[in-house]
Undergrad: 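Encoded as structure tokens, here's the structure I'll be asking about.
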Protein chains: 2
Amino acid sequence: MAEASQSRVAAGARADDGTERKDRYHHGDLRESLIEATRALVHAKGAEHFTLADACRFAGVTTAAPYKHFRDKQEILEIVCQRGFEKLKADTAHAVEVAGPGTLEAIQLMGRAYTTFASTEPNLFRLMFGQNSDLKTAGIVDEAGTGCLAYLIEQVALFIEKQGRAEDPRHVALKLWTFVHGASCLLIDHDYDKVAPGLDVEALVNSASRDILGS
Amino acid sequence: MAEASQSRVAAGARADDGTERKDRYHHGDLRESLIEATRALVHAKGAEHFTLADACRFAGVTTAAPYKHFRDKQEILEIVCQRGFEKLKADTAHAVEVAGPGTLEAIQLMGRAYTTFASTEPNLFRLMFGQNSDLKTAGIVDEAGTGCLAYLIEQVALFIEKQGRAEDPRHVALKLWTFVHGASCLLIDHDYDKVAPGLDVEALVNSASRDILGS
DNA sequence: TTGCGAAGTCAGCGGCACTAACTTATGTAA
DNA sequence: TTACATAAGTTAGTGCCGCTGACTTCGCAA
């Protein structure tokens with residue numbers, strides 16, 4: 001009994017090069033291992049250079065193995081993408097907790113969480129928000145994306161109410177999101193680099209937030 | 001003599017399916033034909049689904065032929081990318097001409113030209129502004145991108161001066177660019193769709209422009 | 001007229017996504 | 001304890017891709 005369950009424990013069986021050791025026929029948890037490999041490879045090289053074959057080498061299995069766990073290459077990317085949205089959602093929620101709801105600081109900290117996420121996980125960010133129409137049709141993005149924006153609208157509504165102003169919080173939130181998203185894209189795609197080297201993106205976002213919030 | 005020079009005239013030799021007819025050994029202007037095929041295919045299917053082999057079929061040559069004219073696949077994409085920047089630059093310049101320099105309308109029309117370019121050529125826009133670090137290192141993007149922003153800074157400087165205000169036109173222009181770029185990305189990547197279906201992007205951009213310009 | 005070089009073709013390499021058929025290991029039920 | 005169904009691997013192979021080297025065709029200039 002105890003003997004049998006031991007073969008399930010495959011985690012940590014790694015060689016020096018970080019790839020999985022091939023010392024038993026069954027992997028243990030290939031599914032999770034491939035997802036993690038995909039996440040790491042996308043992080044390192046970008047989704048457009050990610051190959052399933054690389055992930056297989058990383059996990060120490062043949063290139064046919066993934067198809068016991070996933071429909072195709074796209075499905076693994078979808079899962080990685082989905083986990084990215086969960087992380088982003090958690091990050092922005094954390095920002096509100098720290099700053100206190102309905103404050104300018106909360107809104108600015110949410111923006112900062114967004115740009116920080118983008119700059120620490122640029123390739124994942126591109127995967128999440130890029131075209132990739134195949135991903136989008138899966139509907140994965142919708143729920144998570146809507147959730148993130150809903151948080152922001154909520155905070156903006158609270159803030160506007162406190163200020164005693166009569167703007168549409170949805171409209172204001174969309175403008176904030178648009179700006180922060182633009183800043184994230186231009187930052188991670190290095191489009192600011194030549195044009196405004198050493199730009200302080202956080203300051204830019206905070207400045208624009210004040211413009212848009214009218215304060 | 002007249003006979004010989006005729007074989008140079010290959011333009012317009014197209015079959016019903018739009019592909020080049022194969023009625024002579026030399027193509028005539030394969031280089032330009034491949035660039036145009038690449039532009040069309042990127043437009044239709046996106047750079048990530050573009051294959052050189054497709055472009056060759058379109059031009060009616062074998063898959064080895066492009067390498068007489070281009071280093072590799074990347075080089076054709078670079079050229080298409082560069083022409084895209086030239087188009088964007090011309091479009092924004094035209095906007096200023098129409099609206100008159102230094103006006104709010106000029107600035108807003110430049111923004112509109114940007115989002116219109118993005119939405120009529122979404123795949124080209126992504127190619128131009130996406131990571132694609134291989135493209136970026138080529139330096140093609142730098143000159144063109146800097147040129148576009150320089151126009152904007154100029155107009156913003158004129159506008160601010162007229163208003164008699166003492167802001168840094170560079171800083172203001174960067175905010176405007178950031179917003180317009182964000183709006184373009186979210187629009188073409190269909191990220192607005194679920195969250196704000198039927199959103200009037202032009203109105204959003206104009207509203208934000210007023211916020212940022214403080215008028 | 002000829003010959004050289006530009007611009008094609010052909011055949012082939014390695015890598016990728018994916019599949020069909022086969023093999024191994026594992027948990028369950030007799 | 002053993003037999004077996006099945007989950008989870010492998011092997012071998014397909015077709016497409018980017019790219020290369022060796023060969024061929026053609027246009028131009030001497």
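Lettering follows sequence order; numbering is per chain, from 1.
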Undergrad: Rounded to whole angstroms, how far apart are CG on A:Asp54 and P on C:dG15?
TA: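 After rounding, the reported distance stands at 11 Å.
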
Undergrad: Side chains of residues 199-207 of chain A: which donor-acceptor partners sit under 3.5 Å, not counting sequence neighbours?
TA:
residue, atom, partner, partner atom, Å
A:Asp200, OD1, A:Glu202, N, 3.2
A:Asp200, OD1, A:Ala203, N, 3.1
A:Glu202, OE1, A:Arg112, NH1, 2.9
A:Ser207, OG, B:Lys175, NZ, 2.7

Undergrad: Return the set of residues passing side-chain contact (heavy atoms from CB on, under 4.5 Å) with B:Lys68 (not counting sequence neighbours), or none when no residue passes.
TA: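 Result, side-chain contact (heavy atoms from CB on, under 4.5 Å) vs B:Lys68: none returned.
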
Undergrad: Does A:Glu36 pair with A:Arg39 as a salt bridge, N-O distance under 4.0 Å?
TA: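 Yes, A:Glu36 and A:Arg39 are salt-bridged.
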
Undergrad: Assess the residue pair B:Phe85 and B:Phe117 against the criterion (ring pair (Phe, Tyr, Trp, His ring centres under 6.0 Å)); give the C-alpha distance rounded to whole Å, side-chain angles, the decisive distance to 0.1 Å, and a yes or no.
TA: CA-CA 10 Å; B:Phe85 272 110; B:Phe117 180 87; 8.4 Å; no

Undergrad: How long is the line joining CD of B:Gln74 and C1' of D:dC19, in whole Å?
TA: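 Whole-Å distance recorded here is 14 Å.
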
Undergrad: Report all interatomic pairs (protein N or O, nucleotide N or O of nucleotides 19-21 of chain C) with separations under 3.5 Å.
TA:
none

Undergrad: Please determine whether a side-chain nitrogen or oxygen atom of A:His69 lies at a distance below 4.0 Å from atom OP1 or OP2 of D:dG9.
TA: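 Looking at the OP1 and OP2 atoms of D:dG9, one of them is under 4.0 Å from a side-chain N or O of A:His69.
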
Undergrad: Is any side-chain nitrogen or oxygen of B:Thr51 closer than 4.0 Å to OP1 or OP2 of D:dC17?
TA: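 Answer is yes, contact under 4.0 Å.
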
Undergrad: Nearest to the side chain of A:Thr62, heavy atoms from C-beta on, is which of C:dG8, D:dG18, D:dT11?
TA: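 Shortest atom-to-atom distance from the side chain points to D:dT11.
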
Undergrad: Mind checking the OH-CG spacing from B:Tyr192 to B:Leu187? Nearest 0.5 Å is all I need.
TA: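 Going from OH on B:Tyr192 over to CG on B:Leu187, the span is 7.5 Å.
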
Undergrad: List the atom of B:Lys89, the atom of B:Tyr151, and the distance in Å for their closest heavy-atom pair.
TA: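 Looking at all heavy atoms of both residues, the closest pair is CG-CE1, 3.9 Å.
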
Undergrad: Which heavy atom of A:Ala173 sits nearest a heavy atom of A:Ile153, and at what distance?
TA: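 Looks like CB-CG1, 3.5 Å.
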
Undergrad: For a quick test of reading the model, state the closest non-hydrogen atom pair linking B:Thr178 to A:Phe179 and the distance between them.
TA: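 Minimum heavy-atom separation between B:Thr178 and A:Phe179: CG2-O, 3.4 Å.
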
Undergrad: How many whole angstroms separate atom CG of A:Asp29 from atom P of D:dA8?
TA: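 From A:Asp29 CG to D:dA8 P: 10 Å.
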
Undergrad: If an axis is fit to five pairs at each end of the helix from C:dT1-D:dA30 to C:dA30-D:dT1, what is the angle between the two, to the nearest 10°?
TA: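 Answer for the end axes of this duplex: 10°.
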
Undergrad: Specify the separation, in whole Å, of atom CG of B:Leu77 and atom P of D:dC19.
TA: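 Taking CG of B:Leu77 and P of D:dC19, I get 10 Å after rounding.
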
Undergrad: Could you state the NZ-C1' distance from B:Lys73 to D:dC17, rounded to the nearest angstrom?
TA: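 So the two atoms are 8 Å apart, to the nearest Å.
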
Undergrad: Looking at every heavy atom in both B:Ile35 and B:Ile76, which two are closest together, and how far apart are they?
TA: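 Heavy atoms only, the tightest pair is CA-CG2, 4.3 Å.
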
Undergrad: Using a cut-off of 4.0 Å on non-hydrogen atoms, how would the nucleic acid contact of B:Ala65 be classed: base, sugar-phosphate, or nothing?
TA: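 The answer is base, as B:Ala65 lies within the cut-off (heavy atoms under 4.0 Å) of a base atom.
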
Undergrad: Using salt bridge (Lys or Arg N to Asp or Glu O under 4.0 Å) as the criterion, list what pairs up with A:Arg83, not counting sequence neighbours.
TA: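 Testing A:Arg83 for salt bridge (Lys or Arg N to Asp or Glu O under 4.0 Å), a comparison that skips the adjacent residues, returns A:Glu32.
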
Undergrad: So which heavy atom on B:Thr51 is nearest to which on B:Arg57, and how close?
TA: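 Residues B:Thr51 and B:Arg57, closest heavy atoms: OG1-NH2, 4.5 Å.
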
Undergrad: Starting at CD of A:Glu32 and ending at C1' of D:dA8, how long is that distance when rounded to a whole Å?
TA: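 It is 16 Å, rounded to the nearest whole Å.
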
Undergrad: Among residues 37-45 of chain B, which ones have heavy-atom contacts with DNA chain D below 4.0 Å?
TA: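 Within this stretch, nothing sits under 4.0 Å of the strand.
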
Undergrad: Whole angstrom is fine here: how far is it from CD1 in B:Ile76 over to C1' in D:dG18?
TA: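 Answer to the nearest Å: 12 Å.
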
Undergrad: Whole angstroms only, please: what is the CZ-P distance between B:Phe70 and C:dG8?
TA: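 Whole-Å distance recorded here is 11 Å.
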
Undergrad: Let me see the working for A:His171 and A:Asp168 under side chain to side chain donor-acceptor pair (under 3.5 Å), right down to the final yes or no.
TA: CA-CA 5 Å; A:His171 187 250; A:Asp168 176 11; over 6 Å; no

